[in-house]
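To start, the structure itself, in C-alpha cells.
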Amino acid sequence: MVPVRNFTIPVAGLAVDVYSLETDAAVQDVAIVFLLHGRTGSAKSEYVKIMINSILQHYDEQRRGATKSDLKQDLVIVTYVRRNELPQIAHPNDRGVYRTTEIMERDWFMSRLIMPGLSVRTCQIHGISGAAKDISFLIDFLPSYLYPNGERNVVDWGIIGLSLGGDASWIVLKDDPRVTLGIPVIACPDYLGVMEFRAKQSGVSTSPPSFPDSLRRYIQQHDVLATPFNQDSRSNPFLGKHILVLSSGADTLVPFEQFCKPFVDGLEVGVEGTKRVVVLAGVGHEITDEMREEAARFIWLWLTRK
C-alpha cells in the first residue's frame, strides 16, 4: 500500500482532515472529493479510512500507468467533524427520551425523527441540510487554507456520502453547481418517504406536534424530489453531473426498490453527464469491497474525463 499523507487543519471552527498521496510537481491542478460518513460513525471511523485508502490505492495504480495527457489533476480527499459529531445541546426532555426509548436503541433510523413530545430541534434533518451547507462553505474557503500562496489550483469538486452522509450528498449535488461528482452509498434521495416508512414500522406518529407541518413543508420545498430532476433542461440541477449510485438489494433500512429506484431511474444528467447505478443483490445496509472498488474506478474516470 502506497503511504497516504494525512493532516488536520481547522477551518473556521471545523476540524478538516486532508488525505493525499505524494504529489507530482508537474500536476498543478487538484480535484478535491469530500467524504461524508454515516450517522453512527465519525470522520475517524475505520470504514471511512478503508474507503479513503481504497480510492487512493486505485488512483495511485492508475496514475502510474497514465500518460501526462491523461493525468490532468491530482486527487485530494477531505473529511471533517460534522454537526452530529459535535457536543449536542438539547432540551432536557430530548435527552431523557433518547436515553430510555427502546425504539431509539433498536432502530438507528428513528434518530432522524421527531419523537412524540420532543421539540423540533431533535430532528436530524438539520444534520443533512447542515452538512450540505458546510460543504459549500468549505468549497469557498478551503483552497485558501491548503494553498495560501497559490501553489496549486482546485479545479474540480466531488462528494462521496455513506448512509446518512449519502442523503446529504444528494442535497449537495442539488444545491452546489461546483460539485460535479457525486457517489451516494446506501443512501436515499426520498427523505420524507423513507422517514414515514420507518415511522410507521416503529409506531411513531408523523402528525403534529410530533412532526410539525412547517417541517414537512421545509422538506418538501428543499428535498431533491422537488427539483425537475427528470428534465433535460437547464433548470435541472443534476444536468452535466457525474453520479454513481451504490445501493444494496436487501437493505431493509433504506429499501432501494421503494424509495430510491423511482428517482434514480428518472434522473436525467444529460449528454455531458454520467449516471451509473449499481445495486448489489443479497446485501443489506452495509458498505462492501465491491462498492469501494466501484467508487474508486468511477472517480478515476471522472478525473480523466477531459
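Counting only distance, with no hydrogens or angles, the side chain of Ser42 and the backbone of Lys44 share a donor-acceptor pair below 3.5 Å. In terms of modelled atom types and a separation under 3.5 Å, the side chain of Asp176 and the main chain of Val172 share no donor-acceptor contact. Remark: the backbone N or O of Val179 is paired with a side-chain donor or acceptor of Lys241 at under 3.5 angstrom. Not one N or O on the side chain of Asp60 forms a donor-acceptor pair closer than 3.5 Å with the backbone of Leu21. One N or O on the side chain of Thr227 and one on the backbone of Val224 form a donor-acceptor pair closer than 3.5 Å. A donor-acceptor pair under 3.5 Å links the side-chain atoms of Lys174 to the main chain of His222, judged by distance alone. Using a distance-only test at 3.5 Å, with no hydrogens or angles considered, no donor-acceptor pair links the side chain of Ser45 to the main chain of Tyr47. Panel note: side chain Asn6, backbone Val18; a donor-acceptor pair is recorded below 3.5 Å. Between the side chain of Arg216 and the backbone N or O of Leu192 there is no donor-acceptor pair closer than 3.5 Å. Checking side-chain atoms of Asp17 against main-chain N and O of Thr79 turns up no donor-acceptor pair under 3.5 Å.
Between Thr206 and Met195, every side-chain heavy-atom pair lies at or beyond the 4.5 Å cut-off. Residues Asp232 and Leu239 form a side-chain contact, since some pair of their non-hydrogen atoms from C-beta on lies under 4.5 Å apart. For the pair Val30 and Tyr147, the minimum side-chain heavy-atom distance is below 4.5 Å. At a threshold of 4.5 Å between non-hydrogen side-chain atoms, the residues Leu280 and Met291 count as touching. In this structure the side chain of Asp167 never reaches within 4.5 angstrom of the side chain of Val194, judged on heavy atoms.
A side chain to side chain donor-acceptor pair (under 3.5 Å) check over residues 255-264, counting only residues at least two apart or in different chains, returns the pairs Lys261-Asp265.
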Check your understanding: So Trp302 and Thr180, side chain to side chain donor-acceptor pair (under 3.5 Å) or not? Walk me through it.
Key -> CA-CA 9 Å; Trp302 170 68; Thr180 61; 3.1 Å; yes

Exercise for review: Carefully, step by step, assess His58 and Arg297 under the rule side chain to side chain contact (heavy atoms under 4.5 Å, CB included).
Suggested key: CA-CA 7 Å; His58 182 81; Arg297 288 194 294 266; 3.7 Å; yes

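With rounding to the nearest 0.5 Å, the separation of CG in Asp223 from CD1 in Ile171 is 5.5 Å. One distance of note links NZ of Lys133 with CG of Leu138; it measures 14.0 Å at 0.5 Å rounding. Atom CD in Gln62 sits 8.5 Å away from atom CG in Leu301 (nearest 0.5 Å). Separation of atoms OH (Tyr80) and CD1 (Ile9) is listed at 14.0 Å; rounding is to 0.5 Å. Expressed to the nearest 0.5 Å, how far CG of Asn153 lies from CD of Gln73 amounts to 11.0 Å. Rounding to the nearest 0.5 angstrom, the gap separating the CG atom in Leu173 from the CD1 atom in Ile243 is 5.0 Å.
Using modelled atom types, one finds a donor on one side chain and an acceptor on the other under 3.5 Å when comparing Ser163 with His285. In this model, a donor atom of one side chain and an acceptor atom of the other lie less than 3.5 Å apart for Tyr59 and Asp74.
The aromatic rings of Phe263 and Phe238 stand perpendicular to each other, their planes meeting at an angle above 60°, with 30° marking the opposite boundary.
Between Arg178 and Asp140 there is a salt bridge, with a side-chain nitrogen of the basic residue lying less than 4.0 Å from a carboxylate oxygen of the acidic one. Between Arg217 and Asp213 no salt bridge is recorded (no basic side-chain N to carboxylate O distance below 4.0 Å). Between Asp156 and Lys72 there is no salt bridge, since no side-chain nitrogen of the basic residue lies less than 4.0 Å from a carboxylate oxygen of the acidic one. No salt bridge links Glu61 with Arg64; every basic N to acidic carboxylate O contact stays at or beyond 4.0 Å.
Under the ring-ring contact (aromatic ring centres under 6.0 Å, His included) criterion, Phe141 pairs with Phe137, not counting sequence neighbours.
Within a 6.0 Å sphere centred on CD of Glu272, other residues, nucleotides and ligands contribute 12 heavy atoms or fewer. In the displayed structure, Glu22 atom CD is contacted under 6.0 Å by at most 12 heavy atoms of other residues, nucleotides or ligands.
The shortest heavy-atom contact between Ala168 and Ala132 is O-CB, 4.4 Å.
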